[in-house]
Number of protein chains: 2
Amino acid sequence: QEKYREMSIAEFFAKNKELAGFSNPTRAIYQTVRELVENSLDATDSHNVLPEVKISIKEVEAATDDKPAKYEVAVEDNGIGVPPNEIANAFGKVLYSSKYVIRQTRGMYGLGVKAAILYSQMTTGQPVFIVSSTDSSDNIYYKKLLIDIKKNEPVIIEEGQLLKRSNWHGTKVYLTLEGDWVRAKQKIIEYIKRTALIAPYAEIIFETPENEIYYFPRVTKKMPKPPSEAKPHPHGIDIEQLKAMVSFTKTKTMLEFMVEEFQSIGEITARKFLESIGIDPNMNPKMLIEKGNSKLLQVVATGLRTYKNFRPPRSDYLSPIGEELIEVGLKRLFNAEWVKAITRQARAYEGHPFIVEAGIAYGGNIIPTEEPVLLRYANKIPLLYEEREDVSYKVVSSINWKLYNIEEPMPLVVLVHVASTKVPYKGVGKESLSEVQELESEIKNAVQEIARSLRLYISKKNSERTLREK
Amino acid sequence: QEKYREMSIAEFFAKNKELAGFSNPTRAIYQTVRELVENSLDATDSHNVLPEVKISIKEVEAATDDKPAKYEVAVEDNGIGVPPNEIANAFGKVLYSSKYVIRQTRGMYGLGVKAAILYSQMTTGQPVFIVSSTDSSDNIYYKKLLIDIKKNEPVIIEEGQLLKRSNWHGTKVYLTLEGDWVRAKQKIIEYIKRTALIAPYAEIIFETPENEIYYFPRVTKKMPKPPSEAKPHPHGIDIEQLKAMVSFTKTKTMLEFMVEEFQSIGEITARKFLESIGIDPNMNPKMLIEKGNSKLLQVVATGLRTYKNFRPPRSDYLSPIGEELIEVGLKRLFNAEWVKAITRQARAYEGHPFIVEAGIAYGGNIIPTEEPVLLRYANKIPLLYEEREDVSYKVVSSINWKLYNIEEPMPLVVLVHVASTKVPYKGVGKESLSEVQELESEIKNAVQEIARSLRLYISKKNSERTLREK
Ligand SMILES: Nc1ncnc2c1ncn2[C@@H]1O[C@H](COP(=O)(O)OP(=O)(O)OP(=O)(O)O)[C@@H](O)[C@H]1O
Ligand SMILES: Nc1ncnc2c1ncn2[C@@H]1O[C@H](COP(=O)(O)OP(=O)(O)OP(=O)(O)O)[C@@H](O)[C@H]1O
Ligand SMILES: [Mg+2]
Ligand SMILES: [Mg+2]
């Protein structure tokens, strides 16, 4: 006799923690650092704040033969903070987020920090401790909370506020969880290094359980302009999304709906579009969700997705790293003989604009390897796992580097960054990108473009050497 | 100004459909067939019913330059059916399932068919049509429904019942969705072939849009014994799970709690365990969730996970394919010269028992390839994507086949099956397994064990040939 029941989304991600990247104590402590740091960077560089991020990991209980050690992981930032009435849900309710809008941010699922909190609750029972203050506030708020897994709700254990005596703003999060620091150390340090590589405007301090300090000073005050929120592009609209937009719209006519609710559609384009699908521009949009009008809804949805004369999705909302920062970062980290980066023109997939950036570092102190070292980034997040199934790896490993005058073993580092209002990750642990044709071709074009510059450099260098040898 | 909000779990998987495997129209039609077929097989061979599964895909709207074709995908089975009062939630509520118990089934997330329904709603707006009848019922029930994405609830468009005039029982599901049949065809046929390979007791009929029929007749009535439901094993218990067990238990003492709520713990073991962690056997379990007793809860949770003298998790609940069926299947499909399979002893990870089975087919009509052809299975589901990051691939590709007398190119097929009460997939699309140390070592042991048998066979064959040549 089958037992039918529902499960809360918190229970789902607690039970299936490997889906969120918490597959073992090594990955768990790594993922915890990631989720906290990515939230801190979203709260700073997406809001024109020069980031100051402090990360500390302390051992609070030694490992035994039977179970892993326990660590306190604390991350502090000088970001925009969390409003006091939002702290409990932001940290205590799975699928609660301020990033459910069309904007290029690292976070997108409303799950990250909650997955880390669930893991710490399951392994140590300890509540999370949050301190936060927004810039305009006179107070610093603190909350100690647990997640009620069955109800998917925060349970406040302790809370309070203090009067601010400085102009501090930002957030500090403390978590206590089981982890395998010894195995995770290399990966965590690599993650922070790669973060600093593309964010030389950020100051990052990392204190390890052995009291080592990894310090990444700010080397420039120049920051890429922050991303901004976009209205949807018609090519990304499916029937369900159109239903939702129509039920919420305050517009009174289809013409107004097209112009107000979508990006870059002027009255003329709107009229031409509506005419092309036989829709009266004066019709009330709510007609589309009237009973019996599902055919009408389909006609509009299909028209939006397929009409050829809409402007392409705007890319000025995006925030690429920029060629200069990528080159500076690669030079600093690898002491290479030659470095070049490119920021491509925006393209789009399913109505989402994306920009591919690529960088190559060659020679100098780079240790030659059988295949290029690949540094993958998506929305400025370094991706360190799941390389072999990532679209960037497929592109870079399918390139015949001999055609570019590069012999094996090659002293070659390739950086690929995909920035988009929606990154199509394969999993909520954000480690690799799914197969999207438009992304694959654009990554290929970007890497080949710089590879051609490298080929020129190498052939010039070879002919100069041949000349000297004569 | 950040906009904080929550999102329903249906909205989450609609918006992020690539997480569930619906990353493009090719993967979408493939995943839809999978989700329906896996539900049908769960409803039959997990309940001692010899499966009869009919799959049909029909083109209902041709592709245009701008959008993919639309297909009706229908899957019918002779399984246990869905009770009429459960149909709406089973098909219309994300995270609703009869498989949230400790038992080896293909399904585990309560999401599969709903992800397919969400995708069809988004691409065609069409409701899903379900027909179902349980064996004991006199009626056949039908429901046409949509998922209310915002509320994560079913919306019944039409429903009814008919008096049964035969002894039919089972379920039939009709979905209409956009898909790329042309690109997906090879993979879908491969998936069904590999399903039939290990289920020769199933009759499977597949009708394609071109009216081709792929027929896999039943060749044996012998079925592996179905899996059964287990109580939890103490080694798999985290603090949150213990909290939940304690809040639901009807037992009145800790001694009773240990014996009743866990598998294979007798009174003597329970007493010894409780004594070892300093807990009074007569204490009421509810004390563990009293305010201020979190230390006590931690002591018990840690003790459960680390106590050495519990029996290992029972494996008789599991349902391996069996050496005979694997060998028969490999022989049939590959016409190999040599075939051998092994079903290993059960092991466990995090309190979950698992059995690894491996099979090798060598020579005969197998086309030699650079590396072995790898057929991966988990809980009897064929896994066709994400091979490079799967733990089985890492094991098989790290084996030096020359040490087993196998030269490149090799006419070699390796089958790996992991059966468990919980398969640690990397994603809800169920394509590859995450890094679990116990799984990796056991898969390695299994494959190497059969490889040694193969080495004996090959060296015997080589020496016989050398003898003949003399
Ligand atoms: N350090 C921080 N500073 C400011 N706001 C924060 C910080 N950390 C979390 N938040 C807020 O809490 C919300 C939830 O964070 P969470 O990591 O769970 O989800 P997310 O970042 O929105 O998406 P993702 O699951 O992809 O990480 C964020 O959307 C943000 O509004
Ligand atoms: N063909 C079927 N016969 C009988 N019951 C079915 C059938 N299809 C679905 N169900 C019921 O509907 C429930 C929901 O199915 P769904 O595929 O969404 O989740 P699941 O199979 O439990 O888990 P997963 O998400 O891993 O597939 C199942 O648990 C099962 O009880
Ligand atoms: Mg986050
Ligand atoms: Mg299912």
Side-chain angles (χ1 to χ4, degrees), chain A residues 2-9 12 14 16 18-19 23-24 27 64 66-67 80 83 86 89-90 93 95-98 100-101 108-110 118 121-125 149-150 238-241 244 294 297-298 301-302 305-306 308 386-389 424-429 432 434-437, chain B residues 2-9 12 14 16 18-19 23-24 27 64 66-67 80 83 86 89-90 93 95-98 100-101 108-110 118 121-125 149-150 238-241 244 294 297-298 301-302 305-306 308 386-389 424-429 432 434-437:
Chain A
E2 295 287 280
K3 300 175 193 158
Y4 296 83
R5 75 167 180 104
E6 71 179 303
M7 186 182 278
S8 88
I9 185 65
F12 180 81
N16 302 302
E18 67 280 354
L19 295 177
S23 30
N24 53 58
R27 294 289 296 260
T64 67
D66 318 313
K67 57 185 175 65
I80 58 168
E86 295 291 354
N89 282 333
K93 197 188 231 322
L95 299 197
Y96 197 89
S97 169
S98 64
Y100 285 152
V101 293
M108 62 189 282
Y109 296 129
L118 287 171
Q121 270 180 228
M122 297 194 308
T123 56
T124 67
I149 291 183
K150 203 123 188 81
D238 58 69
I239 294 171
E240 284 297 330
Q241 216 171 329
S294 68
L297 185 75
Q298 273 195 49
T302 304
R305 261 178 47 205
T306 59
K308 295 250 177 299
E386 309 296 318
E387 184 187 62
R388 293 291 151 100
E389 287 292 346
Y425 295 107
K426 287 198 194 216
V428 293
S432 60
S434 13
E435 304 162 35
V436 173
Q437 187 49 47
Chain B
E2 295 288 280
K3 300 173 191 159
Y4 297 82
R5 75 166 180 103
E6 71 179 304
M7 186 182 279
S8 87
I9 185 64
F12 180 81
N16 302 301
E18 67 281 353
L19 296 177
S23 31
N24 53 57
R27 293 289 296 262
T64 69
D66 319 312
K67 57 184 174 65
I80 58 166
E86 295 290 356
N89 283 333
K93 197 187 234 320
L95 299 197
Y96 196 89
S97 169
S98 63
Y100 285 151
V101 292
M108 62 188 283
Y109 296 130
L118 288 171
Q121 269 180 229
M122 298 197 299
T123 56
T124 67
I149 290 182
K150 203 123 189 84
D238 58 67
I239 294 171
E240 285 296 331
Q241 217 169 329
S294 68
L297 184 76
Q298 272 195 48
T302 304
R305 260 178 48 202
T306 60
K308 296 250 178 298
E386 310 295 318
E387 183 187 63
R388 294 290 151 100
E389 286 292 346
Y425 295 107
K426 288 197 192 214
V428 292
S432 60
S434 17
E435 304 164 34
V436 174
Q437 188 48 49

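Residue numbering restarts at 1 for every chain, and letters A, B, ... go by the order of the sequence lines. Model, not experiment: these values are computed from the prediction.
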Report task. State which residues pass side chain to side chain contact (heavy atoms under 4.5 Å, CB included) with B/Ile80; sequence neighbours excluded, sorted by chain then number. Result ->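 B/Ile80 satisfies side chain to side chain contact (heavy atoms under 4.5 Å, CB included) with A/Glu2, B/Ala43, B/His47 once adjacent residues are dropped.
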Query raised in the report: Among all residues two or more places apart in sequence or in another chain, which pass the side chain to side chain contact (heavy atoms under 4.5 Å, CB included) test with A/Leu297?
Result: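 By the side chain to side chain contact (heavy atoms under 4.5 Å, CB included) rule, A/Leu297 matches A/Ile239, A/Leu242, A/Lys243, A/Leu288.
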Option that, when pairs with chain A are counted at under 4.5 Å, heavy atom only, ranks first among [options]:
options                              : answer
B/Leu95, B/Asn16, B/Val101, B/Thr123 : B/Leu95
B/Thr124, B/Leu118, B/Asn89          : B/Thr124
B/Ser97, B/Ser8, B/Gly110, B/Ala244  : B/Ser97
B/Gln241, B/Lys426, B/Met108         : B/Lys426

Between [X] and chain A, which part of the residue has a heavy atom less than 4.5 Å away: side chain, backbone, both or neither?
X        : value
B/Lys93  : side chain
B/Thr64  : neither
B/Arg305 : side chain
B/Glu86  : side chain
B/Gln298 : side chain
B/Thr302 : side chain
B/Ser294 : neither
B/Asn24  : side chain

Query - Value rounded to 0.5 Å, distance of OH in A/Tyr100 from NZ in B/Lys3 - result: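 If I round to the nearest 0.5 Å, the distance is 15.0 Å.
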Query raised in the report: Looking at CD of A/Glu386 and CD of B/Glu435, how far apart are the two atoms once the value is rounded to the nearest 0.5 Å?
Result: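 Answer for the CD-CD pair, A/Glu386 versus B/Glu435, is 7.0 Å.
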Requested in this report: Name the member of A/Ser23, A/Pro83, A/Ser98 that forms the most heavy-atom pairs with chain B at distances under 4.5 Å.
Outcome: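 That would be A/Ser98.
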Report task. For A/Glu389 and B/Arg388, work out which heavy atoms get closest and say how close. Result ->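 So the two residues come closest at OE2-N, 2.8 Å.
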Report task. Would you name the heavy atoms of A/Asp238 and B/Met122 that are closest together and state the gap between them? Result ->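 Between these two residues, the closest heavy atoms are CB-O, 3.3 Å.
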Report task. For B/Glu18 and A/Val436, run side-chain contact (heavy atoms from CB on, under 4.5 Å): C-alpha distance rounded to whole Å, both residues' side-chain angles, the deciding distance at 0.1 Å, then the answer. Result -> CA-CA 10 Å; B/Glu18 67 281 353; A/Val436 173; over 6 Å; no
Query raised in the report: Can you say whether the rings of A/Phe12 and B/Tyr109 are parallel (under 30°), tilted (30 to 60°) or perpendicular (over 60°)?
Result: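 Ring orientation, 0 to 90° scale: perpendicular.
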Query raised in the report: Within a strict 4.5 Å, meaning less than it, do heavy atoms of the A/Asp66 and B/Lys308 side chains meet?
Result: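 Yes - at least one pair of side-chain heavy atoms lies under 4.5 Å apart.
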